[in-house]
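All ligand and atom numbering here is 1-based and tracks the order in the structure. In this text the structure is predicted, and so the values were computed from the model without any measurement.
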Amino acid sequence: MGYKRTPMSDAQAPAATPPATRHDWSKAEIRALYDLPLFDLVDQARAVHRASQPAGEVQLCTLLSVKTGGCEEDCGYCPQSSHHAGSVEPERMLGEAEVLEAAGRARAKGATRFCMGAAWREVKEGPAFDRVLDMIRGVKQLGLETCCTLGMLTDDQAARLKAAGLDAYNHNLDTSREHYRSIISTRTFDDRMATLARVRRVGIHVCTGGIIGMGESADDRCGMLHELATLDPHPESVPINALVRIEGTPLATLPPIDPLDLVRMIAVARILMPGSRVRLSAGRTDLPREAQLLCLYAGANSIFYGDRLLTTGNPAEEADVELLRDAGLRPMVSAPSP
Ligand code: SAM
Ligand code: DTB
Ligand code: SF4
């Protein structure tokens with residue numbers, strides 16, 4: 001079932017003067033926001049959201065894993081790492097035609113952004129990267145916003161992605177600098193920051209966020225938000241994931257997150273980064289509709305749309321169409337910026 005797209009009316013335009021965009025947030029300020037009584041926090045976030053973002057619009061972004069499994073990194077949350085007992089079987093890389101078919105289907109169902117993921121530690125020059133560049137050109141031609149997540153990049157690779165028409169690059173910080181080494185040992189937080197800087201330098205939009213539910217403290221969560229909110233410019237897109245606990249990964253047995261913590265993270269992200277698109281990302285299959293709507297109310301304005309994320313499930317398209325319709329929300333018509 002596809003969406004009928006409706007243009008934005010005056011009533012749906014931003015409601016008040018947007019707050020000044022700051023890049024000098026202190027950790028203490030961020031922690032103070034995180035600790036506010038929930039309704040006070042949501043009130044503030046909602047006011048920023050209404051003043052800075054078109055009201056009632058949610059961007060639908062479809063994900064596709066173009067190269068699954070067999071990754072050299074040891075990210076504790078990830079089923080595609082070859083370090084874990086429960087890793088997924090590595091699969092052959094998809095061909096351009098398969099990807100364009102999936103992108104066409106996503107567009108027909110109302111997605112405006114298409115994100116291609118590869119289980120790589122870093123991009124290596126060669127036919128596989130050349131194929132990704134072809135995929136980007138093809139998806140772009142379909143009129144979709146293009147996003148990729150391929151691991152670490154060199155300057156030259158970033159420039160080639162830009163030349164192929166890539167709009168955004170996803171590269172998550174995942175957690176705080178301090179908690180990072182308890183989750184991943186095969187790369188550093190600064191490696192991550194270096195790739196983000198390369199992406200920014202060539203003019204590709206930056207998509208970076210993290211995961212909650214990996215045994216981190218509230219200070220770690222605020223520390224991650226601090227890293228994001230002190231980037232200048234802010235990332236255009238900030239995905240907030242709840243850990244998908246996957247059997248056979250080191251983090252599989254951690255307790256589930258409290259959905260209200262996700263609301264808090266999204267609300268604080270919205271206050272800190274008024275102009276960014278905040279994405280309610282992985283973990284929605286375990287999240288009641290009401291909690292999802294509270295996240296959208298508190299400042300999220302994008303979801304992953306389609307019944308698969310990379311290797312795990314996501315709500316069915318029909319359920320998301322219904323969710324938005326029941327709340328009187330609309331899918332974003334076109335996605336010029338972030
Ligand atoms: N290999 C590339 C990289 O790590 O940047 C791209 C693919 S990787 C799977 C993209 C992101 O998915 C990770 O940075 C992480 O934030 C997220 N992710 C992976 N497994 C997850 C899980 N089990 N739960 C939530 N998010 C997850
Ligand atoms: C992001 O922040 N979350 C997406 C996307 N960016 C690439 C990935 C979620 C992956 C969830 C686990 C899986 O399906 O393998
Ligand atoms: Fe590899 Fe990315 Fe998974 Fe880490 S998150 S193991 S880099 S695919």
Side-chain contact test, heavy atoms from C-beta onward, threshold under 4.5 Å: evaluate it for Leu228 versus Leu173 and give yes or no.
-> yes
Numbered atoms and elements of ligand 2 in range of Asn172, under 4.0 angstrom, heavy atoms = 1 (C), 2 (O)
Do the side-chain N and O atoms of Glu73 and Thr186 include a donor-acceptor pair separated by under 3.5 angstrom?
-> yes
Side-chain heavy atoms of Thr21 within contact of His234, under 4.5 Å | yes
Any protein heavy atom nearer than 4.0 Å to atom 20 (N) of ligand 1 | yes
Examine the proximity of ligand 1 to Leu310 and report which part, side chain or backbone, both or neither, has a heavy atom under 4.0 Å away.
-> side chain
At under 4.0 Å between heavy atoms, what of Asn241 touches ligand 2? The answer is side chain
Looking at side-chain heavy atoms only, is the closest gap between His205 and Tyr169 below 4.5 Å?
-> no
Can an N or O of Thr312 be found at a distance shorter than 3.5 Å from an N or O of ligand 2?
-> yes
At under 4.0 Å between heavy atoms, which part of Ala118 makes contact with ligand 1: side chain, backbone, both or neither?
-> backbone
What's the shortest distance from atom 10 (C) of ligand 2 to any protein heavy atom, and which residue and atom give it?
-> Leu310 CD1, 4.1 Å
Glu122 versus Glu72: any side-chain heavy-atom pair under 4.5 Å?
-> yes
Note: Asp190-Arg177 ion pair, threshold 4.0 Å (strictly below) | yes
Taking distance alone, with no angle check, do Gln80 and ligand 2 share an N/O pair under 3.5 Å?
-> no
Under-4.0 Å heavy-atom contact with ligand 2, by part of Ile246 that carries it = neither
Stepwise salt bridge (charged side-chain N to carboxylate O under 4.0 Å, His left out) test for Lys27 and Asp219 = CA-CA 8 Å; Lys27 283 189 186 169; Asp219 271 341; over 6 Å; no
Between Arg105 and Glu317, is there a salt bridge with N-O shorter than 4.0 Å?
-> no
For ligand 1, is there an atom lying under 4.0 Å from some heavy atom of Arg192?
-> yes
So, does Cys75 sit close enough to ligand 1 that a heavy atom of it is under 4.0 Å from the ligand?
-> no
Applying a heavy-atom distance cut-off of 4.0 Å, which protein residues contact ligand 3?
-> Cys71, Glu73, Cys75, Tyr77, Cys78, Ser81, Ala119, Trp120, Arg187
Does Ile211 approach ligand 1 within less than 4.0 angstrom via side chain, backbone, both or neither, non-hydrogen atoms only?
-> side chain
Can you spot which of Arg46, Arg270, Arg264 makes a side-chain contact (heavy atoms from CB on, under 4.5 Å) with Leu41?
-> Arg264
To the nearest 0.5 Å, how far apart are CZ in Arg277 and CZ in Arg113?
-> 7.0 Å
Could you list the atoms of ligand 1 found under 4.0 angstrom from a heavy atom of Ala242?
-> 25 (C)
Looking only at protein heavy atoms, identify the closest one to atom 15 (O) of ligand 2 and say how far it is in Å.
-> Thr311 OG1, 2.6 Å
Salt-bridge criterion met for Arg131 and Asp134 (N-O under 4.0 Å) | no
Considering the options Leu150, Val202, Val123, which one meets the side-chain contact (heavy atoms from CB on, under 4.5 Å) requirement together with Leu161?
-> Leu150
Of the protein's non-hydrogen atoms, which lies at the shortest distance from atom 6 (N) of ligand 2, and what is that distance?
-> Asn170 OD1, 3.5 Å
Within a distance under 4.0 Å of any heavy atom of Leu63, pick out the atoms of ligand 2 and give their elements.
-> 4 (C), 5 (C), 7 (C)
Does Phe304 have a non-hydrogen atom less than 4.0 Å from ligand 2?
-> yes
Under a heavy-atom criterion of less than 4.0 Å, does Gly117 contact ligand 1?
-> no
To the nearest 0.1 Å, how far is atom 6 (C) of ligand 1 from its closest protein heavy atom, and which atom is that?
-> Thr149 OG1, 3.0 Å
Those atoms of ligand 1 less than 4.0 Å from some heavy atom in Ile246 | 23 (N)
Candidate with minimal heavy-atom separation from atom 22 (C) of ligand 1, of Thr208, Asn172, Val244 | Val244
Where do Thr208 and Asn172 come nearest, in terms of heavy atoms and distance?
-> OG1-CA, 3.5 Å
Select one of side chain, backbone, both or neither to describe which atoms of Asp174 lie under 4.0 Å from any atom of ligand 1, heavy atoms only.
-> side chain
Salt bridge (charged side-chain N to carboxylate O under 4.0 Å, His left out) between Glu236 and Arg200, worked out = CA-CA 10 Å; Glu236 283 77 10; Arg200 174 61 76 205; 2.9 Å; yes
So, do Glu125 and Arg160 sit near enough that their side-chain heavy atoms are less than 4.5 Å apart?
-> yes
Would the number of heavy atoms belonging to other residues, nucleotides or ligands and lying under 6.0 Å from CD of Glu98 be above 12?
-> yes
Do His84 and Glu247 come within less than 4.5 Å of each other through their side chains, counting heavy atoms only?
-> no
Report the part of Thr249 (side chain from C-beta onward, or backbone N, CA, C, O) that has a heavy atom under 4.0 Å from ligand 1; answer both or neither where that applies.
-> neither
Any idea which atoms of ligand 2 are less than 4.0 Å away from a heavy-atom of Pro239?
-> 2 (O)
So do Leu60 and Met332 actually touch side chain to side chain, heavy atoms under 4.5 Å?
-> no
